[in-house]
Every structure is written in structure tokens, then in C-alpha cells.
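What follows is a set of notes on a single structure, which appears directly below.
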Amino acid sequence: MSHLLSDQKELLTDLIARYRHTVDFLAIRLESSQGTEILLRGETLETLTEGVSLGGQVRACYKGGWGFASFNQISSLDERVSEAISAARLVGEEETLLAPIDPVQINCTLPLMGTDPRHVPLSEKKQLCDRYNNLLRHYNPQITTTSVRYNDSTQTILLATSEGTLIEQSWADMEMRFSATARQGDTVQTGRETTGSRNGYEDLLNLENQVQGAAQRAVSALSLPSVRGKVYPVVIDPILTGLFVHEAFGHLSEADMAYENPDLLEVMTMGKRFGPPDLQIYDGAAPPGHRGSYFYDDEGTRATTTQLIRDGVLVGRLHSRETAGKLGEKPTGNARCINYFYPPIVRMTNTWIERGKTPVRELYSDIREGVYAKNWLGGMTNGEMFTFTAGEAWMIRNGELAEPVRDVTLAGNVFKTLANIEAIGDDFYWDESGGCGKGGQSGLAVGCGGPSLRINQVVVGGEAD
């Protein structure tokens with residue numbers, strides 16, 4: 001199907017040339033995709049599908065107003081271009097402000113280090129899911145519910161704009177999710193694991209230990225005491241750090257959130273201190289090999305690495321061309337759409353906190369009473385506030401890891417939490433399991449990373465005194 005897109009380059013450039021003088025900006029994006037979805041719940045096979053799709057979108061901007069149209073039939077493209085332009089001209093009444101970028105004409109493919117999932121038979125993918133599901137189901141009689149979800153998708157994008165950009169870009173993405181729920185009387189506990197890759201199908205093989213770990217945590221947690229809820233010093237592992245920097249801070253760094261919210265824009269003032277002098281936070285699609293990596297975003301902006309916090313101070317934010325133009329800043333290559341049904345919006349790519357210098361053992365060596373939280377079960381954010389549930393947790397007593405506990409939730413204000421970071425570990429881990437949601441576009445592939453952190457005065461929810 002990628003050849004089919006290549007054959008449409010002349011059509012796109014002809015349409016752009018015909019209509020470019022009627023609007024301030026015009027972009028046509030064609031997309032072909034091929035994918036597999038498998039879902040097992042217990043003994044039931046709920047989903048087993050392979051599919052291909054071909055479609056596209058048109059975006060037009062006139063006097064600051066946007067028109068958008070999506071389509072499945074290339075034969076209707078001329079009509080959709082007219083519709084998008086008409087809509088833009090109907091609503092536009094101000095000024096089009098798009099930060100400038102250099103137009104580029106290029107073909108690029110994110111390289112696979114292993115097997116392309118399109119070359120793996122559906123029966124083999126199903127057998128892999130069955131094997132992992134059997135490990136969960138038969139781990140212990142207390143396991144009552146299991147699920148295994150497999151997804152792969154291979155996409156080719158063709159983007160043409162009225163500024164002369166013509167980009168063909170391809171990649172493959174794979175993900176598996178595992179869940180096991182255990183019950184003992186009225187007590188119910190769940191263990192989860194997720195893994196993803198843009199490197200090759202082999203990254204989904206040999207995950208037996210990881211899969212069994214989800215079941216083991218669910219069963220073990222049944223007999224654990226609940227944590228006593230109060231304010232503690234907390235040490236979190238790199239996976240929770242990645243979740244925190246993405247969910248709690250990363251979304252606030254997306255510039256559309258700021259320019260649409262003057263109060264947030266005031267809070268997120270450049271040069272303002274948010275954390276300790278050794279805190280460095282980045283986002284970028286330029287680092288290769290991660291699930292949020294690519295060469296060009298969905299507006300044709302080259303992928304970058306953007307430093308958001310340098311030495312504890314806010315120095316950057318994530319942009320589309322429009323948000324960069326409106327705020328007088330440089331575009332960062334963070335305009336993304338999950339597929340052709342949606343326009344690109346400002347999204348994270350790979351977001352991480354840089355490793356520090358404190359040996360991990362020293363992060364909790366002087367804590368009299370605290371909590372060590374590892375992995376995650378879930379979480380939510382609401383503006384500046386966050387709540388995350390740890391997958392595993394232990395009490396820290398007199399500088400040593402002590403008894404394991406369950407039902408550990410970490411809650412707080414992101415800015416106060418950043419300010420309360422006391423030490424940054426010298427470890428680091430990339431979590432490739434992310435599927436981000438925003439603006440109705442859920443499951444967008446992202447990467448998260450970071451070291452272990454020690455944070456003072458974290459509200460830990462659990463059992464009341």
C-alpha cells in the first residue's frame with residue numbers, strides 16, 4: 001500500500017498548486033496502515049482481526065481559522081480540499097500565525113532492527129497470546145480474571161503542504177498488555193504489565209517472566225497489609241518516574257494547554273524555578289529507537305529534542321507551528337495525530353528526566369519511615385493535581401526496605417512535588433509501554449524514562465489510622 005501512496009504524489013502536488021492561493025496554508029496528508037489486534041479474556045477469544053486502511057485528511061488555514069476534512073476515497077480528494085478551504089474561509093477573521101519551518105522533500109523509514117510484524121503469520125501471533133494467557137490463568141487458583149491484548153500497526157504517511165513540503169514516512173509499532181486479577185474473599189488485587197516496541201517483533205517474545213510477574217503480584221498482594229495513609233518521604237522507581245514526568249508534568253508542557261489557559265501560561269513562565277538544581281527534563285522524537293520517535297511530525301516539522309527544565313528552571317515547552325507562532329517561540333516537532341480522522345495537536349513524544357548522581361541505595365538510606373513505590377497500576381491527572389497507584393510497594397524503616405504493603409496511591413500537586421525532589425538516582429530506564437490520550441485521540445505511542453527519585457512529603461493514600 002505504500003507504493004499506492006507514492007503514486008499519489010503528483011496528484012497531491014497538483015491539488016496544492018491549484019488551491020494554494022485561496023488560503024494562507026494548505027496541507028494534505030494520506031495514510032495507509034496495516035495492523036493486527038488480538039484480545040483474550042480468560043478462556044474467551046474476544047478479538048482476532050487483521051485489517052488494512054487507506055484514507056487521508058485536508059487542513060486549510062485562512063486568517064487564523066482552520067478547516068478540516070477527512071476521507072477514505074482518494075477519488076473524493078478534490079471535493080474534500082474544497083470543503084476544508086470553505087470552512088477555513090468561513091471562520092477565519094484574525095491573522096494566521098504559523099512559526100516558519102524549512103520545506104523538505106524526503107522519503108524516510110524508521111528502521112526495524114528485527115522482524116516486521118507484517119511478516120509474522122496471524123496464527124503465530126495468536127499462539128504467542130495463548131502461551132502468555134495460559135501462564136496467567138494457571139499461575140494460581142486465586143487468579144479469577146486474565147487478559148492478554150496484542151496490537152501491531154504499520155503506517156506510511158504522505159504529507160504535502162502549500163509551502164513545498166513533500167514527506168513520505170513509514171514505521172511499525174507493536175504493543176502487548178497483560179492483566180491478572182486475584183480474589184480472596186472480598187479482597188481483589190490486580191497485576192499488570194505492558195510492553196511495546198518500534199524495533200521488531202522479537203521484542204514481544206520471551207516475556208514469560210514479565211507475564212508471570214503480573215500474576216505473582218496480584219496473588220501476593222492478597223495477603224499484604226494496606227499501607228497506613230499519611231504524608232511520607234517516598235522513593236519511586238524509574239517506571240513511576242516516567243509515568244510522573246509524562247502525566248503530571250508533560251501535559252502541562254504542551255503549549256496548546258498554555259495559550260488556551262492564561263492562568264496556566266502565567267504559572268508556566270519561562271525562567272521560573274520548579275525543582276532542584278540537578279533536575280533536567282526533556283522531550284523529543286529525535287532520539288532513535290523509542291515508541292515516540294520519528295523523523296518529521298504531522299506538520300512536516302523536523303523532530304527535535306526539547307529541554308523543558310534545565311537545572312530546575314523552566315526553559316522550554318512543546319509546540320505545533322501554530323502554538324509556536326502565537327507564543328513567539330520555535331516549533332519543536334510535537335504536532336501529532338493518531339490517524340487521518342483527527343487533525344494534529346500538540347503531543348508528547350519521548351519524555352524523560354535525566355539520570356542523577358545519587359546511588360540508588362543512598363536514596364533511602366537515611367529515611368526513618370517512608371515508602372518505596374515501584375511500577376504502576378493506573379493513575380489520573382487533573383490540571384496540576386495527580387494521583388498514581390503503585391504496582392508494588394514496601395515500607396522503608398531506618399534506611400532499609402522493610403515489609404511489603406498494598407493499596408499505595410501517591411497524590412499531590414506536580415509543582416510542589418517537583419520542588420520536593422530531594423535526590424535523583426544514578427539509574428535510568430526507558431518504559432516503552434505508553435499509550436497517551438488527549439483530545440479524543442487515545443493510544444498514541446510514546447516513550448517515558450527516568451531514574452529513581454526521592455521525594456519529600458508525598459501524600460500516600462491507604463488504610464486510615
Side-chain angles (χ1 to χ4, degrees), residues 23-27 57 59-68 84 87-101 161 163 245-274 281-285 292 296-310 313-338 342-351 381-386 413-415 418 436-442 444 446:
V23 288
D24 300 324
F25 175 78
L26 180 63
Q57 61 175 238
R59 298 172 70 222
C61 190
Y62 179 75
K63 292 186 177 181
W66 286 94
F68 176 83
R89 294 181 66 88
L90 182 65
V91 299
E93 55 185 20
E94 297 178 357
E95 180 184 5
T96 297
L97 292 173
L98 300 179
I101 60 172
T161 77
E163 299 169 333
V245 72
H246 173 95
E247 292 288 355
F249 180 76
H251 281 297
L252 296 177
S253 298
E254 294 167 338
D256 54 348
M257 304 277 285
Y259 88 80
E260 294 170 359
N261 185 340
D263 292 336
L264 178 59
L265 186 59
E266 184 177 351
V267 171
M268 298 288 284
T269 300
M270 293 296 177
K272 187 173 181 178
R273 175 166 293 280
F274 285 106
I281 300 181
Y282 298 85
D283 178 277
Y296 295 88
D297 75 0
D298 287 309
E299 292 184 323
T301 304
R302 178 75 185 183
T304 64
T305 296
T306 302
Q307 186 156 14
L308 304 174
I309 286 187
R310 178 186 297 121
V313 174
L314 186 69
V315 295
R317 60 180 127 242
L318 308 178
H319 282 295
S320 66
R321 293 184 60 192
E322 183 177 39
T323 61
K326 288 184 174 181
L327 294 177
E329 298 173 8
K330 294 182 178 180
T332 59
N334 285 83
R336 308 177 66 190
C337 58
I338 194 166
Y342 302 93
I345 56 177
V346 184
R347 306 297 297 269
M348 281 172 280
T349 56
N350 306 298
T351 313
T381 59
N382 183 10
E384 302 174 18
M385 307 306 294
F386 68 88
N413 176 285
V414 59
F415 302 120
L418 288 171
C436 179
K438 178 182 173 182
Q441 303 188 45
S442 296
L444 186 69
V446 295

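- Within a 6.0 Å sphere centred on CZ of R302, heavy atoms belonging to other residues, nucleotides or ligands number more than 12.
- With a 4.5 Å cut-off on side-chain heavy atoms, R317 and L265 count as touching.
- Residues I309 and F249 have side chains in contact (heavy-atom distance under 4.5 Å, counting atoms from C-beta outward).
- Summarising the geometry of A324 relative to P331, their closest heavy-atom pair is CB-N, 3.6 Å, with the distance given to 0.1 Å.
- In this structure, M270 CE and E329 CD are separated by 4.5 Å, a value rounded to the nearest 0.5 Å.
- T349 places a side-chain heavy atom less than 4.5 Å from the side chain of N334.
- With a 4.5 Å cut-off on side-chain heavy atoms, R59 and E299 count as touching.
- For the pair H319 and T332, the tightest heavy-atom approach, listed with the atom from each and the gap, is N-OG1, 2.8 Å.
- Atoms CZ and CD1, from R347 and I345 in turn, are 5.0 Å apart once rounded to the nearest 0.5 Å.
- Distance CZ/F25 to OG1/T96: 10.0 Å, rounded to 0.5 Å.
- Environment of NZ in K63: sparse, with no more than 12 heavy atoms of neighbouring residues, nucleotides or ligands closer than 6.0 Å.
- No side-chain heavy atom of D297 sits less than 4.5 Å from a side-chain heavy atom of P344.
- The OG1 atom of T323 sits 7.0 Å away from the OH atom of Y259 when rounded to the nearest 0.5 Å.
- Atom CG of residue N261 and atom CE of residue M268 lie 11.0 Å apart, to the nearest 0.5 angstrom.
- Smallest separation of non-hydrogen atoms from Q441 and P343: NE2-O, 3.1 Å.
- Atom CD1 of I281 sits about 7.0 Å away from atom CG of L308, to the nearest 0.5 Å.
- By the 4.5 Å heavy-atom criterion applied to side chains, M348 and S253 are not counted as neighbours.
- Side-chain atoms of D283 do not come within 3.5 Å of backbone N or O of T306 as any donor-acceptor pair.
- Contact check for V267 versus E384: side-chain heavy atoms found under the 4.5 Å cut-off.
- Closest approach of A285 to A303, counting heavy atoms only: CB-CB, 3.8 Å.
- Within the 4.5 Å cutoff, no side-chain heavy atoms of V446 are placed close to those of T351.
- For D256 and K438, the salt-bridge test passes: some basic side-chain N is under 4.0 Å from an acidic carboxylate O.
- A salt bridge between E163 and R321 is present, with a side-chain N of the basic residue lying under 4.0 Å from a carboxylate O of the acidic one.
- Heavy-atom minimum distance, V23 versus C61: CB-O, 3.5 Å.
- The shortest non-hydrogen separation linking I338 to Y342 is CG2-CD1, 3.7 Å.
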